[in-house]
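Data block below; observations after.
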Amino acid sequence: MGVVVNLEGGKRGAASIEGLIDLTKEDMGRVNELILSKAGSDVELIPELARHLISSGGKRLRPMVTLAAAQMFGYAGEGHVKLATSVEFMHTATLLHDDVVDESDMRRGRKTARMIWGNQASVLVGDFLLGQAFRMMVDVGSLDALDILSAAASVIAEGEVMQLGVAKNLETTEDEYLAVIKAKTAALFSAAAEVGPVIAEASRNDRAALRSFGANLGLAFQLVDDALDYGGNSSDLGKNIGDDFREGKVTLPVILSYRRGSEEERHFWKRAIEENECDGAALEKAINLMNKHGAIGDTIGRARHFGEIARDALAPLKSTPQKAALFDVIDFCISRVT
């Protein structure tokens, strides 16, 4: 079934992150080499599974943010490459674990690792990648960077558990949901941005600016994903349209539609989310209700709000090509639905 949703007046030309890609191209080449090296193991299944996910697409936005943030403050060492690789391994491990928890079958148009090798292998290889990430952090020798990324790992795990607690719970409030995505998604963006100025020995204010930028970018990024699940396309989203609905996830468009709906509409949401009555016809009805109550548009509005906070966080910093590129990242994230 194809469902076309008008996301705030149709899609303009997407903003570009070519500036960020160009600025980090050389360093990302070294990151990619390190990824392949550190994903290696004498245990045959580990590199096979790791390469499956690492090569399955994705823009590697988080490590590029780390590299650009370090460059922004004149860092000239090698540590940013290892930290960027650590960030990507943390993200990859999270995807492996997420797909198991969510029982996902597809990611970016390919079978998930759990569908090929099973849940146990996916979880354990995710753990291996986390271990490799922490070894690289130690190699860098910055206790502050290690503290930031290890704290993020703990927060991400807390977010996963929090998500289990709100799963299929239609009484979840917007504040509760924002707390989940702040932990699950924004924490890693925030850490990825902050470790750049940390190893460049930038000021406390500079660190705080990048930390705030990353956290709010992460919130905007996730809210856009929430909206795209009900009206984007698979290339934008990195998964199948309607996956959140079929998995019974209570995301912000669902929360807003449920709270604004009539008693009859709330009964529909209970059947769809709590009782798994989520076929194609139900998805079409869900999207119609979201449009009726402005839930998708308001989710995008929330994303824009956090995007502006991210922009304001960077605004006082001196003008550099890296700062301009990070502004472009904000526009890129939002432009996926505008």
Side-chain angles (χ1 to χ4, degrees), residues 11-39 51 53-92 94-95 107-110 136 185-186 188-197 199-200 209-210 213-214 216-218 220-222 224-225 228 232-239 303 307 310-311 313-314 317-338:
K11 209 170 195 178
R12 336 186 266 271
S16 173
I17 56 169
E18 287 303 314
L20 180 69
I21 292 171
D22 288 344
L23 286 168
T24 60
K25 183 176 181 180
E26 184 177 339
D27 285 338
M28 277 303 298
R30 293 153 68 196
V31 167
N32 290 332
E33 290 174 3
L34 194 54
I35 284 172
L36 293 175
S37 170
K38 295 297 183 180
R51 285 190 174 89
L53 191 56
I54 290 165
S55 66
S56 65
K59 296 178 176 63
R60 302 221 172 126
L61 189 57
R62 294 158 188 82
M64 284 195 290
V65 167
T66 298
L67 296 172
Q71 292 174 4
M72 191 173 177
F73 298 99
Y75 182 71
E78 299 289 328
H80 65 322
V81 171
K82 290 182 179 179
L83 292 178
T85 307
S86 297
V87 165
E88 183 64 12
F89 272 18
M90 289 173 66
H91 176 56
T92 303
T94 300
L95 296 182
R107 180 173 289 280
R108 300 190 181 108
R110 300 175 64 183
M136 285 184 283
T185 305
L188 185 55
F189 271 101
S190 180
E194 187 180 3
V195 292
I199 59 168
L210 269 293
F213 161 79
N216 287 286
L217 175 68
F221 186 93
Q222 184 58 57
V224 167
D225 267 7
L228 282 170
N233 60 64
S234 296
S235 63
D236 285 325
L237 193 57
K239 59 181 180 178
R311 183 179 298 278
L314 292 183
L317 303 181
K318 69 178 181 179
S319 295
T320 65
Q322 289 79 16
K323 177 181 173 179
L326 293 179
F327 278 153
D328 288 344
V329 173
I330 302 169
D331 294 334
F332 169 79
C333 288
I334 304 297
S335 75
R336 293 180 298 156
V337 290
T338 57

Shortest non-hydrogen contact from [X] to [Y]?
X      : Y      : value
Ala310 : Leu217 : CB-N, 3.9 Å
Ala200 : Ala70  : CB-O, 4.2 Å
Ala15  : Ser335 : N-OG, 3.1 Å
Leu314 : Phe213 : CD1-CD1, 3.5 Å
Ala220 : Ala303 : CB-O, 3.4 Å

Subject >> For Gln71, the option from Thr320, Thr66, Asp27 that meets side chain to side chain donor-acceptor pair (under 3.5 Å) >> reply: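 The side chain to side chain donor-acceptor pair (under 3.5 Å) with Gln71 is passed solely by Asp27 among Thr320, Thr66, Asp27.
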Roughly how far, to the nearest 0.5 Å, is the [atom2] atom of [Y] from the [atom1] atom of [X]?
X      : Y      : atom1 : atom2 : value
Met72  : Leu23  : CE    : CG    : 11.0 Å
Met64  : Gln322 : CE    : CD    : 13.5 Å
Leu326 : Ile17  : CG    : CD1   : 11.0 Å
Lys38  : Thr85  : NZ    : OG1   : 9.5 Å

Original post:
In terms of ring plane angle, is the pair Phe189 and Phe221 parallel, tilted or perpendicular, where the classes change at 30° and 60°?
Top reply: tilted
Subject >> Criterion side chain to side chain contact (heavy atoms under 4.5 Å, CB included) against Met28, the qualifying member of Leu67, Val81, Ile21 >> reply: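 By the side chain to side chain contact (heavy atoms under 4.5 Å, CB included) criterion, Met28 pairs with just one of Leu67, Val81, Ile21: Leu67.
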Subject >> Donor-acceptor pair, side chain of Thr24 and main chain of Leu20, under 3.5 angstrom >> reply: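 Side chain of Thr24 to backbone of Leu20: a pair is present.
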